[in-house]
Amino acid sequence: MMNTLLKTQKNLERLGYTIKVFDDKAQATDYLASKLKGKRIGLGGSVSIGEMGLYERLQESNTVLWHLRLSAGDDVMQVRKAASQAEVYITSVNGVSKAGEIVNIDNTGNRVAAATFGCEKVYFIIGKNKIAPTLAAAIDRARNVAAPLNAQRLGLKTPCALRGDQCYDCDSPQRICRNLSVFWRKPTGCEYEVLLVNETLGY
Ligand code: SF4
């Protein structure tokens, strides 16, 4: 796996991203907490971020906007919008190919929009379980692994959530897969840093 991680690291560097590699999520969390002080930070809907305890940690020294931690009276769409216009945006991804193509599937689109344009700096957090051999395999992983688990986590009545095995390309009104984003390489509009974590993180 280390070999795969190193190859992915080299390819992401070649595509223009700044890369840091960490042994585990605690190291990655410490790194972000040490780098980010006094910033306005938006967080994407991400199980990896929850597992890292990143919201709580970054809140110690920053203003953090996350629609998964609302205060009384907050409007979820307003928080999503504010997060996408913050100085810094942090999110995980649904898949990355060994060649460095980054894949995300989204519903409301706030995560792919914020990661694509508007913030000054974007951090992608990628656990080793997100690495796939090809772009097609990364998209397949996003559709058939990440999305069904996210639908289950959200308690939806989609066929993938009820059966828990794969995507059924459903017509459910609760369908969460409405938008596919592939970064072929680093966009030019803002700074990007990828944190590769050599352990399983999120899904
Ligand atoms: S398209 Fe429907 S069935 Fe497929 S993963 Fe998304 S919500 Fe589940």
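When a ligand or atom number is given, it counts from 1 through the structure's own listing order.
Looking only at heavy atoms of the protein, atom 8 (Fe) of ligand 1 is closest to C160 SG, 2.3 Å. Annotation: atom 3 (S) of ligand 1 to nearest protein heavy atom, Y168 N, 3.2 Å. Residue, atom and distance of the protein heavy atom nearest to atom 2 (Fe) of ligand 1 are C170 SG, 2.3 Å.
Closest heavy-atom contact between K128 and L5: CB-CD1, 4.2 Å.
Among the backbone and side-chain atoms of C167, none of the N, O or S atoms lies under 2.8 Å from atom 2 (Fe) of ligand 1. Atom 6 (Fe) of ligand 1 has C177 among its coordinating residues (N/O/S atom, backbone or side chain, under 2.8 Å).
Counting the atoms of ligand 1 from 1 in the order shown, those under 4.0 Å from a heavy atom of I176 are 7 (S). Close approach of ligand 1 to R143 is summarised as follows: ligand atoms under 4.0 Å from at least one heavy atom of the residue are 5 (S).
No hydrogens or angles considered: a donor-acceptor pair under 3.5 Å links the side chains of N94 and R111.
A salt bridge is absent between E101 and R185; no separation between the charged side-chain nitrogens and carboxylate oxygens falls under 4.0 Å. In summary, K25 and E51 do not engage in a salt bridge, as defined by a charged side-chain N under 4.0 Å from a carboxylate O.
Under the 30°/60° scheme for interplanar angles, the aromatic rings of Y17 and F124 are found to stand perpendicular.
The only member of V21, V194, T4 that meets side-chain contact (heavy atoms from CB on, under 4.5 Å) when paired with Q9 is V21. Here the rule is side-chain hydrogen bond (donor to acceptor under 3.5 Å, both in side chains) with R175, and of D169, N107, T158 only D169 fits it.
Compare A151, S172, A142, A147 by their heavy atoms: the one nearest to atom 5 (S) of ligand 1 is in A147.
Under 4.0 Å from ligand 1, not a single heavy atom of I105 appears.
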